[in-house]
Amino acid sequence: MTADLIHKKARQETAFSTNRAYRTDGIDVAALKPAADDGVRLRLHGVDHTARPTWKLRETVTFYRDILGLPLIHTISARGWGQPGHPDFLHFFFDAGNGATIAFFYYIGTERPEKYLSEDHYFYAATHTAWGVENRQELERWKETLEARGIAVSPYTQHEGIESIYFLDPNGYPLEVTLRLRDVERIDGQDAELTLRAAIDLEDAARASGTRMTDIDAVWRRKAALVDAWLEDA
Amino acid sequence: MPRLYVVDVPEFRPLVETSRGRDGYRVSDTRKGYWLIETDGPMTFERKTLGMKPALWYGMFTGGLDGEVADWGRDTVTVIGTNRPL
């Protein structure tokens, strides 16, 4: 579809100015049509941007542009989204390499609600941005350089397939710089299916009995049975 | 007795390599991307022998474990047989 046609099809009401009926949280996913049913394979080309709110404009710009050295490549400044009551805002983007940006919203005249305060908790840290680097020298350069610039950086942490360092931005948002140690192989995907099938089985059983899954050991036992079956299924 | 499936990827291979030739440990050939380690008695591993960092150590049974973790510390783990359902 050409850009012109897309624009003709676009409505004046945008996702930001309507009642947000497009939201899909809380829906019954079992009622949706699986991709396999219509045969349409939707494709993505990596991350364009991630975005979060900030109530620290100067500190955020200083940190990302001047301390980390990520180029500021675009800023939108607008009278809301045309939606009554929506605050005026700034939306600005820093280059994170390879076509990706990290973006922030600064909502003018608003105060950071308590529920958006950062927390020193793994639930909170689960929402984070992880940037990739190309080689070990670059990972080490990030750690040593950031520390020399005064930022507290975690020790190197080796996971399955990646090695990472972690630090926080002035908003308390967790950032990660990670080196991929190997390519993801076919077995990784196959194994992922079996691990999640084991866990979903147990979650279903727990829900049915009004309880919760209690430990990963039960998942591993269930997984052993699924691998047994998968190996027998020649 | 404990049975451990090990995904055939480099980070978990020390489990296979340190189990080979160990008394009471049997390591099957890899099949469809999984090694199988079985022991007659308790199955034990030492983190430093495996050369694993903690983040990997605490996820090393992800391939599937028919057994019961009796004790799991930062440097050693012991798995015993179990009758609990798989």
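Order of the sequence lines fixes the chain letters, A, B, ..., with proteins taken first and strands second; residue numbering starts at 1 for each chain.
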Contact part of A/L194 toward chain B, heavy-atom cut-off under 4.5 Å: side chain, backbone, both or neither?
side chain
Check each atom of A/R222 against the heavy atoms of chain B and say whether the ones under 4.5 Å are side chain, backbone, both or neither.
both
Go through B/K53, B/E68, B/M52, B/R84 and name the one with the most non-hydrogen pairs under 4.5 angstrom from chain A.
B/R84
Where on A/D228 is there a heavy atom nearer than 4.5 Å to chain B: the side chain, the backbone, both, or neither?
both
With chain B as the partner chain, list the residues of residues 147-177 of chain A whose heavy atoms fall under 4.5 Å from it, by residue number, and write 'none' if nothing qualifies.
A/T157, A/Q158, A/H159, A/E160, A/G161
Sub-3.5 Å donor-acceptor pair from the side chain of A/R221 to the main-chain atoms of B/G67, do we have one?
yes
Minimum heavy-atom separation for A/E185 and B/P10, please, with both atom names.
OE2-CD, 4.3 Å
Does OH belonging to A/Y116 count more than 12 external heavy atoms closer than 6.0 Å?
no
Give the intermediate values and the outcome of side chain to side chain contact (heavy atoms under 4.5 Å, CB included) for residues B/V9 and A/R182.
CA-CA 10 Å; B/V9 292; A/R182 62 174 178 85; 3.5 Å; yes
Counting only non-hydrogen atoms closer than 4.5 Å, does B/W57 touch chain A with its backbone (N, CA, C, O), its side chain (CB onward), both, or neither?
neither
Which heavy-atom pair separates A/I187 from B/D8 by the least distance, and what is that distance?
CG2-O, 4.2 Å
Heavy-atom cut-off 4.5 Å, strictly under: side chain, backbone, both or neither for B/F61 against chain A?
both
Students often mix this up, so state it plainly: with edges at 30° and 60°, are the rings of B/Y34 and A/W230 parallel, tilted or perpendicular?
perpendicular
At a 4.5 Å cut-off on heavy atoms, which part of B/V69 comes close to chain A: side chain, backbone, both, or neither?
both
With a sphere of 6.0 Å drawn around CG of A/D120, does it hold more than 12 non-hydrogen atoms of other residues, nucleotides or ligands?
no
A/W220: which of B/V79, B/T62, B/D66 passes side chain to side chain contact (heavy atoms under 4.5 Å, CB included):
B/T62
